[in-house]
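Lettering follows sequence order; numbering is per chain, from 1. All values below come from the heavy atoms of this structure, side chains included, with hydrogens, waters and symmetry mates left out.
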Amino acid sequence: MPRPLPSASGAAPPFRMPPVFIFRDDPIPDSLRPRQTERKARRRGDEQALGDAAANPISPSLDSRRPGPAMSTKRVLCKFFMHGACLKGDYCEFSHDWSDQSNNVCTFYQKGSCSYGSRCRYDHVKVSRKNPVPPLPSSSTSARNSLVPLPPSSNTATRVASTSLQLLSPGRPLHLGHQTNSSNQRQQVSTDLLPLSGSKPAWKNEVQLVEDGIDWSFNQTEQNQTSIKLADMPICSFAAAGNCPYAEECPHMHGDMCAVCGKMCLHPYRPDERQEHIKLCEKNHKRLEALKRSQEIECSVCLDRVLSKPTAAERKFGLLSECDHPFCISCIRNWRGNSPSSGMDVNSALRACPICRKLSYFVIPSVLWYFSKEEKLEITENYKAKLKSIDCKYFDFGTGTCPFGTSCFYKHAYRDGRLEEVTLRHLDCDDGSTLIAKNIRLSDFLSRLHL
Amino acid sequence: MVDVSRVQKELTECNRDSDVSGVSIALHDGGSTITHLTGTIAGPLDTPYQGGIFRIDIRLPGGYPFEPPKMQFITKVWHPNISSQNGAICLDILKDQWSPALTLKTALLSLQALLSTPAPDDPQDAVVAQQYLRDKSTFVNTARYWTEAYAKSDSTGMEEKVQKLVEMGFPEDMVRSALKSVNGDENMALEKLCSG
């Protein structure tokens with residue numbers, strides 16, 4: 001039985017191996033479980049084949065079955081990591097790198113119909129068959145991620161299934177799925193097997209699988225018993241979600257409580273992950289607080305609460321650069337976009353704040369209202385940075401001319417990625433003032449000459 | 001389209017403290033369209049308009065609140081910035097200085113302020129403005145007389161007029177409706193009663 005490492009035992013809640021529990025991600029497909037008698041028979045009959053497999057664990061047959069997804073999912077951002085707590089840490093099949101794209105493709109849409117329609121939170125794009133996306137994190141990760149302690153109400157059928165596992169390798173502890181790592185070779189086998197169980201039809205390699213499974217547990221037990229690090233152990237996902245039915249009796253390690261979100265989701269032995277979670281949690285918390293405070297703010301034009309508007313597009317503030325009066329984005333844009341023919345002057349009336357009549361030259365859309373100068377500055381900077389990443393449609397990669405010139409908020413770049421460089425020509429006047437000259441043309445000069 | 005929910009909010013907001021502010025708004029003649037309203041303002045104290053109740057016709061254009069409401073005095077007023085003929089108002093916030101943050105209530109309050117501080121240099125009615133500049137006392141007397149004659153009819157003088165006409169032999173309900181239809185003018189009402 002694995003025991004906690006002596007060095008770490010002081011800080012940790014006492015760690016026990018569970019008496020009975022099931023790995024949902026073990027290499028043996030569910031379909032095989034109830035058929036223990038059959039399996040036993042097979043085992044007895046296939047001693048020879050078993051020995052072969054033990055001697056040559058990475059057999060060609062295994063290698064050829066190595067599924068693609070194991071590689072490609074590594075580049076898809078882990079859903080659980082994104083939300084601040086992936087229980088698998090370094091062993092997650094999905095990427096824990098923020099720079100990787102999250103796979104956000106709607107599977108229902110791929111199949112033809114998504115009942116959420118335009119309200120679906122996943123992307124409705126067609127993925128071409130030649131270029132298949134890695135399997136959706138939601139399906140594969142959720143199935144594999146949870147080392148599920150059985151809820152108390154769980155029936156005996158599942159317990160039978162788990163004992164059958166023990167029968168499979170009598171006298172030996174259950175292997176710990178992909179968390180065994182003492183031998184490189186063994187790990188190779190295990191990682192190969194893992195995605196296999198999820199992605200290949202169970203019936204195809206039934207026999208092979210059983211053999212591999214046995215072979216694997218036979219070998220690993222000898223080399224591997226004491227090497228399980230506490231950091232590799234997952235924490236109880238029920239406790240992390242807020243409520244573990246086992247409470248004190250839970251066979252899994254419970255995470256420490258996060259002071260911000262109040263959930264038991266901090267892994268005691270993964271400092272990086274803890275920091276990551278706390279950072280993310282604080283950011284979310286701050287945003288939530290700001291959102292709560294913003295709820296009360298009313299638009300001075302439509303007299304409604306901005307964040308209580310019927311459509312999502314309307315639930316945004318329009319911040320004026322020069323003053324601090326709140327409006328909803330649609331009202332302030334409507335006012336500023338008013339036609340000058342209505343008798344109101346663009347520069348004195350329309351661009352002025354409707355309340356204090358201070359001129360502002362641009363409006364910043366924002367979901368949150370600000371309560372300090374720094375917050376406003378942050379919102380403004382974020383907005384400008386976002387616009388700077390979008391190509392200017394007037395500049396049009398150099399083929400057009402942008403009326404806003406160097407003060408344009410959008411990106412002025414040529415097709416090869418080169419940014420537009422403008423050298424302003426300053427003309428000094430007699431009275432000491434300076435003018436910035438735009439587009440001086442020889443034709444203008446010539447036409448003014450009276451010969 | 002007129003922002004109906006905003007107009008409704010403005011109406012309840014305005015009428016909640018109409019006793020204090022002296023301005024109130026109602027649908028025009030009990031009509032059903034929210035784009036045609038009638039506002040009333042009390043004549044400001046210490047002016048020739050004191051004690052009068054002035055009624056203002058308000059029409060909301062389609063672009064309201066991004067376009068100013070069209071306002072016009074129904075009650076005749078003697079004032080340099082208000083036409084003595086048709087009640088047209090010369091006030092910047094109802095034209096190029098309108099702002100969507102202004103409301104009907106603030107516009108009516110501005111009119112009240114306009115009554116107490118005439119601007120004869122930018123007149124709507126040249127005759128009144130001339131009088132205001134050259135002969136202030138005559139202006140004050142005329143304004144006071146107009147207030148007495150036109151802006152006080154419906155509340156205080158009403159019962160007297162009803163009494164008078166009833167004594168002439170007309171039934172009371174007919175007298176009241178006739179007076180109401182001609183906006184409290186006694187002679188017009190008599191004419192109407194005789195003809196009808």
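Summarising the local packing, CD of B/Glu191 is surrounded by 12 or fewer heavy atoms from other residues, nucleotides or ligands at distances under 6.0 Å. Residue-environment remark: OH (A/Tyr410) stays at or below the threshold of 12 foreign heavy atoms within 6.0 Å. Atom CZ of A/Phe371 sits in a crowded spot, with more than 12 heavy atoms from other residues, nucleotides or ligands closer than 6.0 Å. Atom NZ of A/Lys388 is surrounded by more than 12 heavy atoms from other residues, nucleotides or ligands within 6.0 Å. The environment of A/Tyr116 atom OH is sparse: at most 12 non-hydrogen atoms of other residues, nucleotides or ligands sit within 6.0 angstrom. The 12-atom threshold is not exceeded at NZ of A/Lys263, counting heavy atoms of other residues, nucleotides or ligands nearer than 6.0 Å.
Between B/Ala101 and A/Ile355 the shortest heavy-atom distance is CB-CG1, 3.6 Å. Annotation for A/Arg357 and B/Gln97: closest pair NH2-O, 2.6 Å, computed over non-hydrogen atoms.
Once rounded to the nearest 0.5 Å, the distance linking CZ of B/Phe66 with CG of A/Leu350 reads 11.0 Å. Interatomic distance, A/Cys331 SG to B/Asp3 CG, rounded to the nearest 0.5 Å: 7.0 Å.
Among A/Ser300, A/Cys356, A/Pro354, the single residue meeting the side chain to side chain contact (heavy atoms under 4.5 Å, CB included) criterion with B/Ser99 is A/Pro354.
Residues of residues 6-21 of chain B that come within less than 4.5 angstrom of chain A, heavy atom to heavy atom, are B/Arg6, B/Lys9, B/Glu10 in numerical order.
Taking the side chain as every heavy atom from C-beta outward, B/Ser5 and A/Asp304 approach each other to under 4.5 Å.
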